[in-house]
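In what follows, a structure is listed as structure tokens, so that the remarks can point back to it.
Keep in mind the model is a prediction, meaning the values are calculated, not measured. What's counted below: heavy atoms across the whole structure, side chains too, no hydrogens, waters or symmetry copies.
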Amino acid sequence: MIHGAIVGLGRWGRNLVEASRGHERLKIVRGVEPYMTAARSFCTEHDLDLTDDLNAVLADAAIDAVLLATPHSLHPAQVIACAAARKQVFCEKPLALHRADAARMFGACREAGVTLAVGHNRRFWPSMRALRDMVAGGELGTILHIEGHNSNENSQNITAGWRLSEEESPGGGLTGAGLHVLDAFVSLLGPVRRINAQLNSRERGPPPLDTAVLMMDFVSGVTGTLSTIRATPFYWRVHVFGTRGSAEVLDETTLVRRNSGSKPRQESYPATDVLRAELDAFVDAIEGRRPYPVAEAEVLATLSAFEAALASMKSQSPVQCDAA
């Protein structure tokens, strides 16, 4: 049994704890949270020891793995400290706000011989898995273009805290919802070469009202567009266009195929516990059963595109992605 500690007991940290309940190979036994009073009842309910001292957790030989659900700017120092303590690491996305920091984090974990898994949970949607298989198998022919959108209404539901900070979540909805789509694009088509991005801020808020739009060229020659809105209800769309047809994912279980000469065909896949699936993949990687399915090169490529998009929003001109 792998014994873990969860660092950060906000909404998402609690979701990870819930997803781990009853896991046959991973047991979260410790919670780390600076606001201990707010977390105490949750930790009691889930039988977690509670502390505000991450260093004490890292010094505890009984803890094998650390799961981070903390503000994005804290990830680099926390991941590197976990690596130095020889703890396996699961870190919520984005791994870092800068590609160079993420590269250092992977390097530290590689040198320490520990796993670094990044929580891009949409990778585990059954519909997105099917779309990746379809693209990789050539069913759509030569891929020409991709479109994507993710809105989540978070600016209406989250009115305070670090997720609304421009330092922690730059680019409007790009850091939260939009980054899921950007990761999906990279997982399907590889790295992005150049991005032209625009952030339109209607109101600073709270709640902030803004839209983010990206136009991109991939190294492979494919073009793409991505948009995200924080203030409108949840919506997801990733649509790949090829010479032999197109395929569009609309949610966790729904995919629509379109081929010349026939009507659109909707396919449905059985729902799955996505957070449990990514924790399974984390444990598999720790145990050497199979690599974690979100590869280092893809994480770095996504962050290169992310940084280029932020730079483009600021300069109002196209920016080349850093492939170094």
Below 3.5 Å, can you tabulate the donor-acceptor pairs from side chains in residues 102-111 to any protein atom, sequence neighbours excluded?
unit_1 : atom_1 : unit_2 : atom_2 : d
R104   : NH2    : D101   : OD1    : 3.0
R110   : NH1    : E296   : OE1    : 2.6
R110   : NH1    : E296   : OE2    : 3.3

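- No side-chain heavy atom of V222 sits less than 4.5 Å from a side-chain heavy atom of L144.
- Distance check: L48 CG to F42 CZ gives 6.5 Å after rounding to the nearest 0.5 Å.
- For the residue pair S262/N259, the side-chain donor-acceptor check at 3.5 Å is not satisfied.
- Here the shortest heavy-atom pairing between A177 and N152 reads CB-ND2, 3.5 Å.
- Contact detail for S127 and T253: the closest heavy-atom pair is OG-N, 3.9 Å.
- We find the CZ-NE2 distance between R237 and H149 to be 10.0 Å, quoted to the nearest 0.5 Å.
- Side chain to side chain, T70 and Q78 meet the donor-acceptor criterion of an N or O pair below 3.5 Å.
- Inter-residue side-chain proximity for R276 and H23 is flagged as met; some heavy-atom pair is nearer than 4.5 Å.
- Between the CZ atom of R265 and the CZ atom of R257 there is a distance of 5.0 Å, given to the nearest 0.5 Å.
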Practice problem: Could you go through the salt bridge (charged side-chain N to carboxylate O under 4.0 Å, His left out) check for R258 and E248 one step at a time? | Solution: CA-CA 8 Å; R258 294 175 175 86; E248 177 183 21; 2.8 Å; yes
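- Rounding to the nearest 0.5 angstrom, the gap separating the OG1 atom in T302 from the CG atom in L95 is 11.0 Å.
- Across all their heavy atoms, L255 and A130 have their closest contact at CD1-CB, 4.3 Å.
- Under the 4.5 Å side-chain criterion, counting only non-hydrogen atoms from C-beta, I146 is not in contact with F241.
- Under the 4.5 Å side-chain heavy-atom criterion for Ile, Leu, Val, Met, Phe, Trp and Tyr, I229 and F306 are members of distinct hydrophobic clusters.
- Each of K87, R86, R30 was scored for a salt bridge (Lys or Arg N to Asp or Glu O under 4.0 Å) with D60, with one residue passing: R30.
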Donor-acceptor pairs under 3.5 Å, side chain of residues 205-218 to any protein atom, not counting sequence neighbours: which ones?
unit_1 : atom_1 : unit_2 : atom_2 : d
D210   : OD1    : R230   : NE     : 3.3
D210   : OD2    : R230   : NE     : 3.4
D210   : OD2    : R230   : NH2    : 2.4
D217   : OD2    : R193   : NH2    : 3.4
D217   : OD2    : R194   : NE     : 3.2
D217   : OD2    : R194   : NH2    : 2.8

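- Remark: R123 does not engage E278 in a salt bridge, criterion side-chain N to carboxylate O under 4.0 Å.
- Here CG of L188 is found 8.5 Å from CD1 of I143. Values are rounded to the nearest 0.5 Å.
- L74 and V89 are members of different hydrophobic clusters when ILVMFWY side chains are connected at heavy-atom separations under 4.5 Å.
- The side-chain heavy atoms of P264 and V256, taken from C-beta on, include a pair separated by under 4.5 Å.
- Considering CD1 of I6 and CH2 of W12, their distance stands at 11.5 Å, rounded to 0.5 Å.
- Checking H75 against S73 by side-chain atom types alone, no donor-acceptor pair falls below 3.5 Å.
- Using cut-offs of 30° and 60° for the angle between ring planes, the H180 and H120 rings count as perpendicular.
- Exactly one of L16, D183, N15, V274 qualifies for a side chain to side chain contact (heavy atoms under 4.5 Å, CB included) with N121. That residue is V274.
- Looking at D284 and R25, a side-chain N of the basic residue comes within less than 4.0 Å of a carboxylate O on the acidic one, giving a salt bridge.
- Screening E33, M36, R40 against L9 for a side chain to side chain contact (heavy atoms under 4.5 Å, CB included) leaves a single residue, E33.
- Residues S246 and H239 have side chains that bring a donor and an acceptor to within less than 3.5 angstrom of each other.
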Quiz item: Can R122 and E252 be said to form a salt bridge (charged side-chain N to carboxylate O under 4.0 Å, His left out), step by step?
Solution: CA-CA 8 Å; R122 306 286 171 83; E252 181 180 343; over 6 Å; no
